[in-house]
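Have a look at the structure below, then the notes.
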Amino acid sequence: MASTFELIRPAPLSQRVRSREGLIYMYRGMWLIGWVPPESGVWRYVYLAWTIATLIFGVIYLPVAFLTSYVLEFSSFAPSAFFTSLQVAINVYGSSFKSMITYYFMWRLSKTETLLDRLDERLQNDEDRQKIHNVVARSNYAFLIYTFIYNGFAISTFFSMVLSGSPPWAIYNPFIDWRAGVLSLWAESIFEYIVMSIVVLQDQLADSYPLMYTLIFRAHLDVLKSHIRNLRMDPTKSENENYDELVNCIMDHKLILRCCNLVRPIIYRTIFVQFLLIGLVLGLTLLNIFFFSNFYQAVGSILFVLTILLQTFPFCYNCNLLIEDSDDLANAVFQSNWTEAEPRYKRTLVTFIQHVQQPIVFIAGGIFPISMNSNISVAKFAFSIITIVKQMNLAEKFQ
């Protein structure tokens, strides 16, 4: 157990740690779900069969099964069971798109790791290495939090609904009639839990990778700020050596921007899908909690609210911090010790300032910037749903 959670604590400086190690837990999840096949051998084909199975169940079967269930069995739903199913079903449709996008662009994540390795080679001292050690532990710790909350939702919903006498998500299954008896109910519920666990992991991976990568990008920006503050501070270095250090800082900044550009096409697609759904899903879940759920069902729905918030809020907050880091970086360049430098150094520094003044911004769907303001704006739709339901007295009419 100790070795399992070892990565959530910063490693000692005597141990060499690379930035990509902050993604170890995430890639273990990807391996488990079938996204990281072996490079060769017979097991590659066995593993590809598992990949196809998880994609079929998570991306195709579950969305179709939810819709079929509503068409064929709508009249048999109790209000609490219906809303517990509906809040997840809408999120499942979004999860299918996000999972396929993330899986398709896995090569971009791999290329980003290669660039992070080059940035790791630029670490100059123990202070730089400590920053990377800290962010590696923080990234793995964040993924572990996602894992506990996402799986906590699935487990709590499973038990609360089964003990209430109905399957957890009312997924259509032509082979099992859960109303036939207790054994049929448990068989259907276990089947639904297995399928939902696949989707939960796929959704977790699609939701957590933006946070993992941007945490690491911010750590390297922090290292770069330290390097910039130390420019021309060593009196023993010649002007040529100082100029070479400035050029190295510029190259490091370009590498960080290349990392951002590699993950940007994935992020703006997956976050855009989530922005489209967050208000509706959050509104239906709160509606279920306030009007239809018993205590145990409400616990599962509350954990589901936490998963919805984790899908966007941490990353959006990190995007705000990235913008602030860009401003700090520009200030650090301007406040560095350049006043007595040679003309060539000053000309290069001016060009560098012009580039670092452009903040690192991610755009959702190419339409609006990803930030806390954008996230709060789309989440407000949830309260509009609650207001409409209360004003029109729809909850009582539905019951």
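We number each residue from 1, following the sequence as shown. FYI, side chains are in, hydrogens and waters are out, and symmetry mates aren't considered; it's all heavy atoms of this structure.
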Check the angle between the aromatic planes of F191 and Y61 and answer parallel, tilted or perpendicular using the 30° and 60° thresholds.
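The rings of F191 and Y61 stand perpendicular, inter-plane angle above 60°.
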Under 30°, 30 to 60°, or over 60°: which ring-plane class applies to Y70 and F82, parallel, tilted or perpendicular?
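Perpendicular: the ring planes of Y70 and F82 meet at over 60°.
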Side chains of residues 177-185: which donor-acceptor pairs under 3.5 Å do they make with residues two or more places apart or in other chains?
residue : atom : partner : partner atom : Å
D177    : OD1  : R179    : N            : 3.2
R179    : NH2  : S76     : OG           : 2.9

Close side-chain approach of [X] and [Y], heavy atoms under 4.5 Å:
{"X": "N134", "Y": "Q130", "answer": "yes"}
{"X": "F313", "Y": "I308", "answer": "no"}
{"X": "L62", "Y": "M196", "answer": "yes"}
{"X": "I101", "Y": "F272", "answer": "no"}
{"X": "V162", "Y": "P168", "answer": "yes"}
{"X": "N91", "Y": "Q311", "answer": "yes"}

Using the side chain to side chain contact (heavy atoms under 4.5 Å, CB included) rule, pick out the option among L119, I216, T112 that qualifies with S19.
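The option that passes is I216.
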By the definition side chain to side chain contact (heavy atoms under 4.5 Å, CB included), identify the one residue from E245, E239, K237 that meets it with R232.
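That would be E239.
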Can you tell me if R264 and N261 form a side-chain donor-acceptor pair at under 3.5 Å?
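Yes, because at least one side-chain N or O of R264 sits under 3.5 Å from a partner of the opposite role on N261.
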Is there a donor-acceptor contact under 3.5 Å linking the side chains of T102 and Y209?
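Their side chains do not contain a donor-acceptor pair, so the 3.5 Å distance test is not met.
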Distance-only donor-acceptor pairs under 3.5 Å for side chains of residues 52-59, two or more places apart:
residue : atom : partner : partner atom : Å
T54     : OG1  : I33     : O            : 2.9
T54     : OG1  : W50     : O            : 3.3
T54     : OG1  : T51     : O            : 2.9

Option among F158, F159, W186 that satisfies the ring pair (Phe, Tyr, Trp, His ring centres under 6.0 Å) test with Y193
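Among F158, F159, W186, the one meeting ring pair (Phe, Tyr, Trp, His ring centres under 6.0 Å) with Y193 is F158.
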